[in-house]
Amino acid sequence: MAPGLVDPAVCVNSTTLSTVTEAYDDSLRFYLNGTKVILDSIDPEITLLEYLRGIGLTGTKLGCAEGGCGACTVVVSQYNPTTKKIYHASVNACLAPLVSVDGKHVITIEGIGNSKRPHPAQERIAKESGSQCGFCTPGIVMASELAATLMSLYALLRNNPDPPEHDVEEAFDGNLCRCTGYRPILDAAQSFSAERACKMSEKNGGTGCCMQNGAGAPSGCCKFQPDGTGSDAGHVKRFTPPGFREYSPDTELIFPPSLTKYEFKPLAFGNKRKRWFRPVTLQQLLEIKSACPSAKIIAGSSETQIEIKFKDMQYPMSVYVGDIPELREYAFKDDHLEIGGNVILTDLEGISKQAIEHYGHAKGQPFTAVLKQLRYFAGRQIRNVGTPAGNLATASPISDLNPVFVASGSVLVAKSLEKETEIPMSQFFKGYRKTALPPDAIIASIRIPISREKGEFLRTYKQSKRKDDDIAIVNATLRVSLSDDHTVENADLIYGGMAPTTVAAKITTAYLHGKIWTDPATLEGAMNALEQDFDLRFSVPGGMATYRKSLAFGFFYKFYHEVLSELQVEEAEVDTEAIGEIERKISTGKKDHESTVAYKKRILGKSNPHVAALKQCTGEAQYTDDIPVQKNELYGCLVLSTKARAKILSVDYLPAMELPGVVGWVDHTDLPSPEANWWGAPVCDEVFFAVDEVFTAGQPIGMIVADSALHATTGARAVKVAYEDLPAIFTIEEAIENESYFEHYKFIKKGDPIDEAMAKADHIFTGVTRMGGQEHFYLETQASLAIPKPEDGEMEIWSSTQNPSETQAYIAQVCNVASNKVVAKVKRLGGGFGGKETRSVQLSGICAVAARKTGRPVRCMLDRDEDIVTSGQRHPFLARWKVGVNSNGKLVALEAEVFANAGWTQDLSGAVCDRSLSHIDGCYLIPNVYVQGRLCRTNTVSNTAFRGFGGPQGMFIAESYMEEVADKLDIPVERLREINFYKPHETTHFNQELKDWHVPIMWDQVKEESDYGMRRKEVDEYNKTHRWNKRGLALIPTKFGISFTAIFFNQAGALVHIYHDGSVLVAHGGTEMGQGLHTKVTMVAAEALGVPLEDVFISETATNTVANTSATAASASSDLNGYATFNACKQLNERLDPYRQRLGPNATMKDLANAAYLDRVNLSANGYYRTPDIGYTWGANTGQMFFYFTQGVTAAEVEIDTLTGDWTCLRADIKMDIGRSINPAIDYGQIEGAFVQGQGLFTTEESLWLNNGQIFTRGPGNYKIPGFRDIPQVFNVSMLKDVTWEHLNTIERSRGVGEPPLFMGSSVFFAIRDALKSARADHGVTETLSLISPATPERIRISCADPILKRAYVQPKEGEKSFFISI
């Protein structure tokens, strides 16, 4: 609905506009969770999310502010003028302007249930372990509850109480979760599906549902029997799994009756900075546009709000057009379908289905294309508000719908107050983000012609980094009309992503005219012509020149053969393998729930839900930014460097101080001394505030504090910083070339001198392994609240941190007080994964400085883009390796130089690199080893801890050289692994004995349980008979050392109180970030003290209850804090033992506590634990590095489309040895979540930088973590059982589980590599494939060697650089 790119401006004729809108109303009226709300005073700049959180409904979260993660999902119920029905739409509250809810019913997570009486959707997700950190959970619940194909879970059920499995599977395409691996959420959601609602369904253990076994439901179907016994009375009765509340649509919040008769009035409200108009008729809209052509037309706001938030674009006059019924109509005409410009995309899906049925398959081809593109168009929340007109007017060169409209010959109907204009879509796009739409006109409708009954063919294609909810890299809609003799009469080959606009392949179109389609020369000629149409240069904006060209060629190749197959001409040779695309099945999964039977106790060993799961599912769980606003509180916004390396010439903050609400400016001059500016661990080499020079883009220079977050952001943007650029280094290769290293250097040597050892090997192979980094993408960004106290310089800090004690220490430093004056507190984290171990200190320190200066509380929660540019990532790695191996496959020697991109400071990079060296052996005995590690100093964000902490990088290097060595020896890599597996009690290259070594056992079990041998044969046979689609298999082991390599961190304390009423309060040094630490610790305490689990409570983590804590990291927190808690409980049990003997075995804890208290017995105990036996010495290669190793084996199978690079994981079978599980539900969640996060690391998650050093991938729009439909289609997980752990002296003989399963995700990468080997072999390529991680669709495609790829290859010219940098 918006005009082409128009600079925001004040209306020329404001008097006329005032006249037009003078009678408009200025109050918003809507319902919120069933309560009527009237707003007479409205801030025109706030979103629905800001309003909800501002009034205390903090269950709705801010995750990305661009509609890409779903954490802000709410449901907006409304009367739909298109369908004439009440519709419950899941929407992104972070994008929705407040004006959009007038006359509607807004439902938030708080409105559907609470922890005492949860909605069935909330309860099932909680009990199925579908909530870990919980930050994303409210959005997922709301997305899932309302719409059968339309929203997340709540919306899913409101629109269709009996959704099919397929709709459930696709309901979450607008939601992301970083913790769970999605499987438990899907299991919970599928319990509502029609297929699983029948108690006779095979999926519920029955003999089969009659609805599935027959043509329909017979009269005796249990679906129509209220009690399921065969009675005739009939209300729908669904099968409710045991232990769950029954779901009844009758109990939902009703749509307020008054809204069914609500009279929409035109609205006008605002202030000097911004005004909103909401016309309710087309005439009113046209009058506004005539009076103010520059007014921004907004329907879904899915792009406008992003422009406002991240590009600082201002639209003083905005017009909301979502409530104009005339623009949401549609009509089937004889030769075309006319849709209103403002029909929402969700409705367009339904209209397209009707059109296909109305016109038939052949004539309905354009609508089939629309439907296909909408399937993967953004997320459901965006499709619920987005419109075709908005999509057209933004003129995005990668819009999925625009090519369909152009290729089908659609006509756009533009209306202004004076006239109506028809604009052919082929003439609509005039340049990058510019259109032919007159400034005073709006897009009233689009006329989409039907296809010919015979001889016309139209197909559409799209390829992106991730299947669901992703923008296209390249898309296309290709159409051809043929005569009876198959001569091309006309064609339209329309592409997106190949030029600054949606563009036609004009040379190819001209070439095709008059050609015989069935002539093989036509294909060859068209491909030659496409080379001329799309002669991309290497440095093309957007990068990926070779890949984009190959997609353009590949799409046409697919189209050519699809048409050929439709013609059914005998003499034509149809490449049937090129037709179609990879389609996912409904995903399933199995867990071995009997794994703990042998050692299950009263509480320990049982699958108890996460203790906070229900609070998280109901929005009651409090995170840092949910803490109620403090009196006189200020909001901070960082001013960050925009240069990668530069001198700071000046910083002018005075313009900011003139703005409304801005209170102050904070920088390095506000610290007590220059020394107080320095922080970092273990090397103090980073500054809180830049002083004279910046060393990376995103380095903090100062902070603006203001009375609101919006005012702080506005003020920060007004600060002017002048720079003088200096030379910068970004990549590992540049650092090596310039010898830009930090001093840290470690090595491990074992066996003979490496040259002598290599000389004894039959073969010596060399290679280079390259692995990219990974963004943490915890759903809750870094957040902090600093509260100064009136006495003695005290400061209270609430922080989303994994490291309260380090936070405390540095706050004391910047406030110039002792640590005993600072209390750091953590309630819970919305995910951490290592990214909040050290990097959280930076924000907390700056907030504390601001609070100290102003004497007022200061709060700051980073936006997603700010978090990414400041908080660091997983370290990119490069390794140069040399492997000596004998002809029998036995490894002889390994030499490796390992380089990690540390960024601009060291942070924890030294320890990360050290761990990579200790894991570079994988699971293999190598007698002679010499490995070295260096830290590259670059001008990028300072990289930091991330789940695995260097272990995945080391093991990836190991499995890479194993793969390449096997290829060069021409033996199966599985055999090479088996030949070289460690055996029990053998020693690693750092001289640690392997005790309780079970990898070979699990290897055999996984092979058997997954039918690996049979599937290997099936994959090989499949690849022989399929040219373009290939399948691959991989079987990958892991061995992950558990302990902090810094010995002093391997300690923990706990404080346990028993109160008079028998309740127990536990405090320990670990933080809860979704991993279930508090759940496990409460289980340990409940078991030890003999009390019910519900009687044990953990309130928070705080430095004034347990001092000198270690960071919650290294997968050791359950070991450390669990044992410390157990030791405290042991002391209490010793004190209570006399009373147990006196009062008897039936005495309750309340009885015992009362008796002990009256005898003046201390009912509080401090527990302490430190890990025994460890203490490794680098260089000397002596001592024990790790307490034990968590182990695992995974088999994965994938299918790839070599024409596009698209892929799917067909199946994964994971088996982990985690000892005796304290809580299988928690541990399975950790395994699944870590696996999917690891899969993302090695496939979809690619961090990219621009040549100026700015990170490009700074949000969900262009950084792609796995989504719901990226997980393995068959996802099986089990734990090793029926073995003894003789040497595992941990709490309950359990093993750490947080990090070890992450590397199992690499099995998907190596399965992709296996598939690529087959593709390359088909084209005679025998060169060993060195595949860089992550294996993105681009890397998959360009690793193939087919003729289409070769003709698409783009060579850089001398001095030409790629648009993007991989550091």
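In this chain, numbering begins with 1 at the start of the sequence shown. Everything quoted here is computed from the prediction, not taken from an experiment.
Taking CG of Leu843 as the reference point, atom OG1 of Thr801 lies at 10.5 Å (rounded to 0.5 Å). Ile701 contributes atom CD1, which lies 7.5 Å from atom CG of Leu640 (distance to the nearest 0.5 angstrom). Interatomic distance, NZ of Lys647 versus CG of Leu726, reported as 6.0 Å (0.5 Å rounding). In this structure, the separation between SG on Cys637 and CD1 on Ile704 is 8.5 Å, given to the nearest 0.5 Å.
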Take Ile288 and Val20 through the side-chain contact (heavy atoms from CB on, under 4.5 Å) test and state the conclusion after the steps.
-> CA-CA 7 Å; Ile288 292 172; Val20 168; 4.3 Å; yes

Legend entry - Residues Lys836, Glu780; criterion side-chain contact (heavy atoms from CB on, under 4.5 Å); working and verdict: CA-CA 11 Å; Lys836 298 175 181 177; Glu780 178 204 30; 3.1 Å; yes

Run Phe277 and Leu17 through side-chain contact (heavy atoms from CB on, under 4.5 Å) and show every step you take. CA-CA 10 Å; Phe277 303 95; Leu17 182 61; 3.7 Å; yes

task: Start with the C-alpha gap between Val385 and Gln381, add the side-chain angles, then the distance that decides, and say whether side-chain contact (heavy atoms from CB on, under 4.5 Å) holds.
output: CA-CA 7 Å; Val385 297; Gln381 292 91 325; over 6 Å; no

Output a table of donor-acceptor pairs, distance under 3.5 Å, between side-chain atoms of residues 52-59 and any protein atom two or more places apart or on a different chain; print 'none' if there are none.
{"from": "Arg53", "atom 1": "NH1", "to": "Thr58", "atom 2": "O", "distance (Å)": "3.0"}
{"from": "Arg53", "atom 1": "NH1", "to": "Thr60", "atom 2": "O", "distance (Å)": "2.9"}
{"from": "Arg53", "atom 1": "NH1", "to": "Asp626", "atom 2": "OD1", "distance (Å)": "3.2"}
{"from": "Arg53", "atom 1": "NH2", "to": "Asp625", "atom 2": "O", "distance (Å)": "3.2"}
{"from": "Arg53", "atom 1": "NH2", "to": "Asp625", "atom 2": "OD2", "distance (Å)": "3.4"}
{"from": "Arg53", "atom 1": "NH2", "to": "Asp626", "atom 2": "OD1", "distance (Å)": "2.6"}

Report, one line per pair, each donor and acceptor closer than 3.5 Å where one atom sits in a side chain of residues 782-792; sequence neighbours left out.
{"from": "Gln782", "atom 1": "NE2", "to": "Tyr778", "atom 2": "OH", "distance (Å)": "3.2"}
{"from": "Gln782", "atom 1": "NE2", "to": "Gly835", "atom 2": "O", "distance (Å)": "3.0"}
{"from": "Ser784", "atom 1": "OG", "to": "Ser844", "atom 2": "OG", "distance (Å)": "3.1"}

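In this structure, Arg1258 fails the cation-pi test against Tyr1263, since its NZ or CZ atom is not both closer than 6.0 Å to the six-membered ring centre and inside 45 degrees of the ring normal. For the pair Arg828 and Phe135, the cation does not sit on the ring face, since its NZ or CZ is not both under 6.0 Å from the ring centre and inside 45° of the axis.
Taking every heavy atom of both residues into account, His668 and Ala690 meet most closely at CD2-O, 3.7 Å. The minimum heavy-atom distance linking Gly1259 with Phe777 is given by the pair C-CE1, 4.1 Å. Nearest approach of Ile308 to Arg717, heavy atoms of both residues: O-NH1, 3.7 Å. Looking at every heavy atom in both residues, Ile298 comes nearest to Trp276 through CD1-CH2, 3.6 Å. In terms of heavy-atom proximity, Val858 sits nearest to Cys847 at CB-O, 3.9 Å. Residues Ala712 and Ala706 approach most closely at N-CB, 3.5 Å, considering heavy atoms.
Counting heavy atoms from C-beta on, the side chains of Val280 and Leu267 never come closer than 4.5 Å. Within the 4.5 Å cutoff, side-chain heavy atoms of Arg856 are placed close to those of Val663. No side-chain heavy atom of Tyr623 sits under 4.5 Å from any side-chain heavy atom of Lys827. Looking only at side-chain heavy atoms (C-beta outward), Asn803 and Val841 stay at 4.5 Å or farther from each other. Under the 4.5 Å side-chain criterion, counting only non-hydrogen atoms from C-beta, Gln1254 is in contact with Thr642. In this structure, the side chains of Phe30 and Leu39 come closer than 4.5 Å at one or more pairs of heavy atoms. The shortest distance between side-chain heavy atoms of Met703 and Cys860 falls below 4.5 Å. Counting only heavy atoms from C-beta outward, the side chains of Val941 and Ile1255 never approach each other to under 4.5 Å.
Of the options Lys311, Lys296, Arg433, a salt bridge (Lys or Arg N to Asp or Glu O under 4.0 Å) to Glu303 is made by Arg433 and by none of the others.
Remark: the backbone N or O of Leu95 is paired with a side-chain donor or acceptor of Ser301 at under 3.5 angstrom. A distance-only check finds no donor-acceptor pair linking the side chain of Lys265 to the backbone of Tyr24 [under 3.5 Å]. In terms of modelled atom types and a separation under 3.5 Å, the side chain of Asn943 and the main chain of Gln873 share a donor-acceptor contact. With hydrogens and angles disregarded, a donor-acceptor distance shorter than 3.5 Å links the side chain of Lys853 to the backbone of Trp665. Under the 3.5 Å distance criterion, the side-chain polar atoms of Gln842 are left unmatched by any main-chain donor or acceptor of Arg839. Listed for the Lys821 side chain is no donor-acceptor partner under 3.5 Å among the backbone atoms of Met795.
One finds a salt bridge joining Arg273 and Glu45 here, because a Lys/Arg side-chain nitrogen approaches an Asp/Glu carboxylate oxygen to under 4.0 Å.
Around CZ of Phe689, the count of heavy atoms belonging to other residues, nucleotides or ligands within 6.0 Å exceeds 12.
Partners of Asp863 according to the side-chain contact (heavy atoms from CB on, under 4.5 Å) rule, which considers only residues two or more places apart in sequence or in another chain, are Leu62, Lys309, Asp865, Glu866. The ring pair (Phe, Tyr, Trp, His ring centres under 6.0 Å) test applied to Tyr723 returns no partner, not counting sequence neighbours. Scored by the side-chain contact (heavy atoms from CB on, under 4.5 Å) test, Val629 finds Glu633, Tyr635, Arg859 as partners (sequence neighbours excluded). Under the ring pair (Phe, Tyr, Trp, His ring centres under 6.0 Å) criterion, Trp904 pairs with Phe695, not counting sequence neighbours. For Ser100, there are no side-chain hydrogen bond (donor to acceptor under 3.5 Å, both in side chains) partners two or more places apart in sequence or in a different chain. Applying the salt bridge (charged side-chain N to carboxylate O under 4.0 Å, His left out) rule to Asp25 yields the partners Arg29; only residues at least two apart in sequence or on another chain are considered. When the side-chain contact (heavy atoms from CB on, under 4.5 Å) test is applied to Gln813, the partners found at least two apart in sequence or on another chain are Ala676, Phe688, Tyr810. Under the rule for a salt bridge (charged side-chain N to carboxylate O under 4.0 Å, His left out), the partners of Lys825 that lie at least two apart in sequence or sit in another chain are Glu796, Glu1100.
In the model, Thr624 has no side-chain atom that pairs as donor or acceptor with a side-chain atom of Ser800 under 3.5 Å. Judged by distance alone, the side chains of Ser942 and Asp907 never bring a donor and an acceptor atom under 3.5 Å apart. No donor-acceptor contact under 3.5 angstrom links the side chains of Thr1257 and Glu775, judged on distance only. Between Ser27 and Asp40, the side chains place a donor N or O and an acceptor N or O closer than 3.5 Å (distance only, hydrogens not considered). Side-chain polar atoms of Asn33 and Thr108 form a donor-acceptor pair below 3.5 angstrom. Looking at Asp312 and Gln314, their side chains do bring a donor and an acceptor atom within 3.5 Å of each other.
Screening residues 313-322 for salt bridge (Lys or Arg N to Asp or Glu O under 4.0 Å), with sequence neighbours left out, gives no hits. Residue pairs meeting the salt bridge (Lys or Arg N to Asp or Glu O under 4.0 Å) criterion with at least one member in residues 687-714, sequence neighbours excluded: Arg645-Glu693.
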